[in-house]
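Notes for the one structure printed next.
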2 protein chains.
Amino acid sequence: MAEDYVELIAELIESRGEARPVEIAERFGVKPPTVTKNISRLKAAGLVRREPYRAIFLTDAGRELAEACRRRHRIVVAFLLSLGIDEETAERDAEGIEHHVSTTTLEAFEHALLQSQSGK
Amino acid sequence: MAEDYVELIAELIESRGEARPVEIAERFGVKPPTVTKNISRLKAAGLVRREPYRAIFLTDAGRELAEACRRRHRIVVAFLLSLGIDEETAERDAEGIEHHVSTTTLEAFEHALLQSQSGK
DNA sequence: TAGATAAATTAGCCGTGTCTAACTTTTGAA
DNA sequence: TTCAAAAGTTAGACACGGCTAATTTATCTA
Ligand SMILES: [Mn+2]
Ligand SMILES: [Mn+2]
Ligand SMILES: [Mn+2]
Ligand SMILES: [Mn+2]
């Protein structure tokens, strides 16, 4: 959970300037109270900073985690695409797969990606 | 959860002749009461048949699900191995990845597997 | 600037999956 | 054949992630 949240929060801050619960709820297909509760957990975990009724900010730890997650996400998607999978499926599957890919496997994906690029 | 359980139950029946809660608990690194409760849910879902204090059997539906899961598991592991990932990591990662692989992606894995075999 | 609307929170519920402690049933050895 | 050890179950607790209904706060608009 935490990974998907910080990832989305980072993206919202980048694209919208701020991360709002209502956006998060829409993106995850979840109701606002669920977001409120989960954001509290993120705050308790030191990943997020925020005051009630205000936008959500990432802590340093949160930003670091977000960056790692976004990188992993990009690699997994790119890898699936390189296998000829359509974009929609690649995105959907990557959203789950990304949470189970070890460093070893991620590196193997990157390596395979390079091969497929050189081999056209 | 159900997928991992029926998969393991099928394997235990095949290798040991029967599936016992104590073995399931060990394999999943979980305590026996957890297994009891989860097996009850499997029974409620019509995947498993059993009487208290006796071994666990799969229903037809359970057996079908188990077969599908084992097939997916084998393909994901084989695919990761074909990328040069070590067996331990491949098994560990596959255990999570298998639950997020769509039919489309599974087919892409199979296809890539064939390519890697022909290309030696 | 008042009032309506939108956004967010709180309270309380539920199902899942985990645990420990205590109990019951089965089993296997003496 | 008995009875101790192993296996399994029950009871009760907890954290997580989801929900609805009701309330509170912020925002926009007339
Ligand atoms: Mn994800
Ligand atoms: Mn992601
Ligand atoms: Mn699994
Ligand atoms: Mn598996």
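From a predicted model like this one, the values you see are computed outputs, not experimental measurements. Note that these values count all heavy atoms, side chains included, but never hydrogens, waters or copies made by symmetry. In what follows, chains carry the letters A, B, and so on, assigned in the order in which the sequence lines appear, proteins first and then strands, with residues in each chain numbered from 1.
A close approach under 4.0 Å does not occur between any side-chain nitrogen or oxygen of B:Arg20 and OP1 or OP2 of D:dA7. Distances shorter than 4.0 Å separate some side-chain N or O of A:Thr34 from OP1 or OP2 on D:dC19. The phosphate of D:dT9 (OP1 or OP2) has a side-chain N or O of B:Thr36 nearer than 4.0 angstrom.
Atom CZ of B:Arg41 and atom P of D:dT10 are 14 Å apart (whole Å). Protein atom NZ of A:Lys37 is 12 Å distant from nucleotide atom P of D:dA15, rounded to whole Å.
Contacts between residues 42-59 of chain A and DNA chain C, defined by a heavy-atom separation below 4.0 Å, involve A:Arg50, A:Pro52, A:Tyr53, listed by number.
Comparing A:Lys31 and B:Val22, the nucleotide of DNA chain D nearest to each residue sits closer to the 5' end for B:Val22.
Among the atoms of the strands shown, base atoms are found under 4.0 Å from some heavy atom of B:Pro33. Looking at heavy-atom distances under 4.0 Å, A:Val30 makes contact with sugar-phosphate atoms alone, never a base.
Side chains of B:Tyr5 and B:Ile24 form a contact here, defined as non-hydrogen atoms less than 4.5 Å apart. Looking at B:Ile75 and B:Arg71, their side chains come closer than 4.5 Å, going by heavy atoms from C-beta outward. With contacts defined as side-chain heavy-atom distances shorter than 4.5 Å, the pair B:Glu23/B:Leu8 does not qualify. Residues A:Glu11 and A:Arg16 form no side-chain contact, since every pair of their non-hydrogen atoms from C-beta on lies 4.5 Å or further apart. Contact annotation: the side chain of A:Ile9 approaches that of A:Ile39 to within less than 4.5 Å [non-hydrogen atoms, C-beta and beyond].
Protein chain B touches strand DNA chain C; the 5'-most and 3'-most nucleotides with an atom under 4.0 angstrom of its non-hydrogen atoms are C:dT16 to C:dT26.
Considering only residues two or more places apart in sequence or on other chains, B:Phe57 meets the ring-ring contact (aromatic ring centres under 6.0 Å, His included) condition with none of them.
Of all heavy-atom pairs spanning B:Ala94 and B:Leu80, the tightest one is N-CD1, 4.0 Å.
Here the side chain of B:Thr59 pairs a donor or acceptor atom with the backbone of B:Gly46 at under 3.5 angstrom.
Considering B:Ile97, B:Thr103, B:Thr104 as possible partners of B:Val101, the one that fulfils the side-chain contact (heavy atoms from CB on, under 4.5 Å) test is B:Ile97.
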